[in-house]
Structure formats: structure tokens, C-alpha cells
Visitor: 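To start, I am sharing the structure in question, which I have written as C-alpha cells.
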Protein chains: 2
Amino acid sequence: MNLQLAKERFTQYLKSGNYRITPERFVILDSVMQTDGHFDADELFSQMKTGGQKVSRATVYNTLDLLQDCGLISKYRFGENHSRYEKAFGRPHHHHLICLECGDIIEFVSEKIEKVEREVCTSNSFKAQTTTLQIFGTCARCQKDE
Amino acid sequence: MNLQLAKERFTQYLKSGNYRITPERFVILDSVMQTDGHFDADELFSQMKTGGQKVSRATVYNTLDLLQDCGLISKYRFGENHSRYEKAFGRPHHHHLICLECGDIIEFVSEKIEKVEREVCTSNSFKAQTTTLQIFGTCARCQKDE
DNA sequence: CTCGGTGCAAATGCTTTGCAATGTC
DNA sequence: GACATTGCAAAGCATTTGCACCGAG
């Protein structure tokens, strides 16, 4: 949907940082934009491999970092031993409820939390870049199953 | 300070879970309670080694998990490639501002955030176990240095 | 033509595991 | 005694790195 805008933003970012415009980087951006929900580096790598696109794992990791830097994706660590990502472009800032039983992830938005975050940063003269709020526990479905 | 109470709690937890009361587990608890601030598994391991206590790394990891399960310590992932822990016993629930430049970590407490968390959990019928709010950015000192 | 980027495979570093020995219950 | 726990070293796994080749600027 916003693929075109995302491409423009990435191009801008690459140019302004004196990074090169390589086909691999845009193949990865395409793949990311086609993905809904959370994904990890290896899922993306496999997905591209299956789709006939050939980029090395190293390039995937490298590019995901760039995409995070320019705000097109967010990077999370949901208590697992690997990082997960999701599109951030054009999406409101949100947080996560993570079910420890089934791994399901529920998103929520809270203006109150954003406000407290701003207050905390101001009173500590801290310049925020990204914030993550994660609530680990048991989802409604898993509570019934117990 | 609360060492005695912590030991009692750990003992209770071990007994109720049919885990064995081993000296190693309590050597590790001692070491944890002596530590202020955040620490990682390897720091704890080295600290005990230096102190003449001999426990294997595997046992350290195993025991840290148990201590987390019974609420004596908290486990975090501050964007690094390893987990960090801190005493949780008798401490109010708090969150972290993490400086991406110098790695400094500032703690803060917010009743408002706790309240929103409770509301979100209720409206999603979600049973919370632990929550983490992390704000990554640049601390006051590092902003000046730029 | 220069030097950043890529692919590959090997390396890294945290954490877990396999297995024999040990010690709790 | 039975079997969970330990120690050690080896294995796992996500991510990074070294290096030769490639291609964007």
C-alpha cells in the first residue's frame, strides 16, 4: 500500500547517509512491506529464498538495521532468543501483550502512556528515540484452557 | 539486608515446586543479594569465582531462572545480546531509560503507567505476570557531549 | 576507478545440553 | 537407593565478521 512512499523514504535516508542504493536493499524492503505482523530475520530470508530472490543472510541483517534506523520498521525482543521486527511505517505507536503460553501477541495503543513517557523524559532531560512496553502473561483463551 | 527473608522465600518456592535444596542454589542467591544494580549471568559467575565460590555456569543460568520464577529477581534485555538481571525483592516495580550512547540506565516509577497496564489487561481479559517499559535514547550527559 | 556492499562460510558469544558423578530426600 | 542436580565441555543458535568479488557513484 505505502510501498511507494516507503521506497522514497528509504531512498532519502540512504542518500542522506551516503549509503549506496543497491537492488538488494530494495528487494528486502519489498519483502518487508509484503509481510504482515511480526517476523524475524530468518523468516524474511526464507520467504525471499522461496520467492526466488537471492540475498544473503548477512545482507538481510544489515538492511533490517538500516530500515530500523530510518523508522520504517521496529525491532523487538519478546523474551525469545532472537529479534522480531514489524512494519512501523504509517502505523501508530503501540505496545504489546505477550501470552507466555501460546505466544500470541495483542497490540494496544495508549495516549496516557505516551504522555507519561514524555513527562519522564522531560524531567530526566532524556531524549527518547524508541520506547517499548511489554506485558507478559496469559491471554484470555489460555486462561480458559487451564 | 533482606537476605534472610529472600532465603526463606526461595526455600518455600523450592519446596513447593519439589525442587531440591542444594548449597549451590543458595550460594548463588547470596551472591545475587550482595550485588547492587544490574548484572548478567557471566558477571555473577566471575564474581563468585573470584570470591572463591565454585559453581558452574550452567548452574548459574539454571538458578537465575528459578529466582526469576519466584519473583526474587527480574530479567531484562536492554537491546544487548545477553540478558541482565536485578534484585526484585522488596523493590517497587520500576521502568528504565536506557542511554544508547553510554549504556547508562535510569530507573523511574510511575503509578499512572501501572494503572493503564491494569486497565489494558482488564479490557483484554489478560492476566499479567511481568511488565517492562523501556525508553531508549540519549541521556542528558551524552546530549551535552555531542 | 574507488570504495562501499554483497555472498559465503567461518567465527563469535550467550545460553543450553549430554552425560557421568554427586548428594538430596 | 532413586533420581534431581551438578560440572564440564561440547553443541546450538542468532548474529556478525573476514575476505574476495562486484557494482554504484
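A, B, ... follow the sequence lines: proteins, then strands. Residue 1 opens every chain. Owing to the predicted nature of the structure, the values given are computational and were not obtained by experimental measurement. FYI, side chains are in, hydrogens and waters are out, and symmetry mates aren't considered; it's all heavy atoms of this structure.
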Visitor: Check the distance between D/dT15's C1' and A/Asp65's CG and give it to me in whole angstrom.
Guide: 10 Å

Visitor: Quick one: does A/Gln4's side chain get under 4.5 Å of A/Arg9's, heavy atoms only?
Guide: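 No; the side chains remain at least 4.5 Å from each other.
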
Visitor: Given atom CZ of B/Phe39 and atom C1' of C/dC14, what is their separation to the nearest angstrom?
Guide: 16 Å

Visitor: Which nucleotide wins on minimum distance to the side chain of A/Asn81, given the candidates C/dG13, D/dA14, D/dT15?
Guide: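 Selected nucleotide (nearest to the side chain): D/dA14.
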
Visitor: Please determine, for the side chain of B/Thr22, which listed nucleotide (C/dT17, D/dT6, D/dA14) has the closest atom?
Guide: D/dT6

Visitor: I need the single residue from A/Lys54, A/Gln53, A/Glu43, A/Gln34 that forms a side-chain contact (heavy atoms from CB on, under 4.5 Å) with A/Met48. Which is it?
Guide: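 Output: one option passes, namely A/Gln53.
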
Visitor: Rounded to whole angstroms, how far apart are CZ on A/Phe45 and C1' on D/dC13?
Guide: 15 Å

Visitor: With the 4.5 Å side-chain cut-off for hydrophobic clustering, are A/Phe126 and B/Leu100 part of the same group?
Guide: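 Looking at the clustering, B/Leu100 is in a separate group from A/Phe126.
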
Visitor: Please state how far atom CG in A/Asn18 lies from atom P in D/dA24, giving the value in whole angstrom units.
Guide: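 Going from A/Asn18 (CG) to D/dA24 (P), I get 17 Å.
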
Visitor: If each of B/Glu24 and B/Arg57 is mapped to the nucleotide of DNA chain C with the nearest heavy atom, which maps nearer the 5' terminus, i.e. the 5' end?
Guide: B/Arg57

Visitor: Taking donor-acceptor contacts at under 3.5 Å, does the side chain of B/Arg20 reach the base of D/dC3?
Guide: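 Yes, a donor-acceptor pair under 3.5 Å.
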
Visitor: I want to verify a distance call: between C/dT15, C/dT6, C/dT17, whose nearest atom is closest to the B/Tyr61 side chain?
Guide: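 The nucleotide sitting nearest to the side chain is C/dT15.
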
Visitor: To the side chain of A/His82, which of D/dA14, C/dC3, C/dG23 is closest?
Guide: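 Of all the options, the side chain of A/His82 is nearest to D/dA14.
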
Visitor: With sugar-phosphate meaning primed atoms plus P, OP1 and OP2, does B/Asp40 contact a base, only sugar-phosphate, or nothing at under 4.0 Å between heavy atoms?
Guide: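 Since no nucleic acid heavy atom lies under 4.0 Å of B/Asp40, the category is nothing.
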
Visitor: Between C/dT15 atom C1' and B/Arg84 atom CZ, what is the distance in whole Å?
Guide: 16 Å

Visitor: I need the CD-C1' distance between A/Glu80 and C/dC14, as an integer number of Å.
Guide: 16 Å

Visitor: When you measure from the side chain of B/Ser83, which nucleotide among D/dG7, C/dT15, C/dG4 comes out closest?
Guide: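 In terms of side-chain proximity for B/Ser83, the closest of D/dG7, C/dT15, C/dG4 is C/dT15.
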
Visitor: Taking the side chain as everything from C-beta on, heavy atoms only, tell me whether A/Ser31 gets closer than 4.5 Å to A/Gln47.
Guide: yes

Visitor: How many Å lie between CG on B/Leu64 and P on C/dC14, as a whole number?
Guide: 15 Å

Visitor: Want to settle it: does A/Thr63 or B/Tyr19 sit nearer the 5' end of DNA chain C, counting the closest nucleotide to each?
Guide: A/Thr63

Visitor: Among the nucleotides D/dA24, C/dC25, C/dG13, which one has an atom lying closest to any side-chain atom of A/Ile21?
Guide: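 Of D/dA24, C/dC25, C/dG13, D/dA24 is nearest to the side chain of A/Ile21.
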
Visitor: C/dG23 P sits how many Å from B/Phe26 CZ, rounded?
Guide: 17 Å

Visitor: Out of D/dT17, C/dT15, D/dG7, which has the shortest distance to the side chain of B/Thr59?
Guide: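 The listed nucleotide nearest to B/Thr59's side chain is D/dG7.
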
Visitor: Would you say A/Asn62 reaches D/dT16's phosphate, i.e. side-chain N/O to OP1/OP2 under 4.0 Å?
Guide: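 So the side-chain polar atoms of A/Asn62 never come under 4.0 Å of the phosphate oxygens OP1 or OP2 of D/dT16.
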
Visitor: Answer with yes or no after comparing the ring centroid distance for B/Tyr76 and B/Tyr85 against a 6.0 Å cut-off, counting only values under it.
Guide: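 Ring centres of B/Tyr85 and B/Tyr76 not closer than 6.0 Å.
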
Visitor: Are the aromatic ring centres of B/His94 and B/Phe108 under 6.0 angstrom apart?
Guide: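 No, the ring of B/His94 stays outside the 6.0 Å limit from the ring of B/Phe108, centre to centre.
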
Visitor: Using a heavy-atom cut-off of 4.0 Å across all strands, would you classify B/Asp42 as base, sugar-phosphate, or nothing?
Guide: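 If one applies the 4.0 Å heavy-atom cut-off, B/Asp42 turns out to touch nothing in the nucleic acid.
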
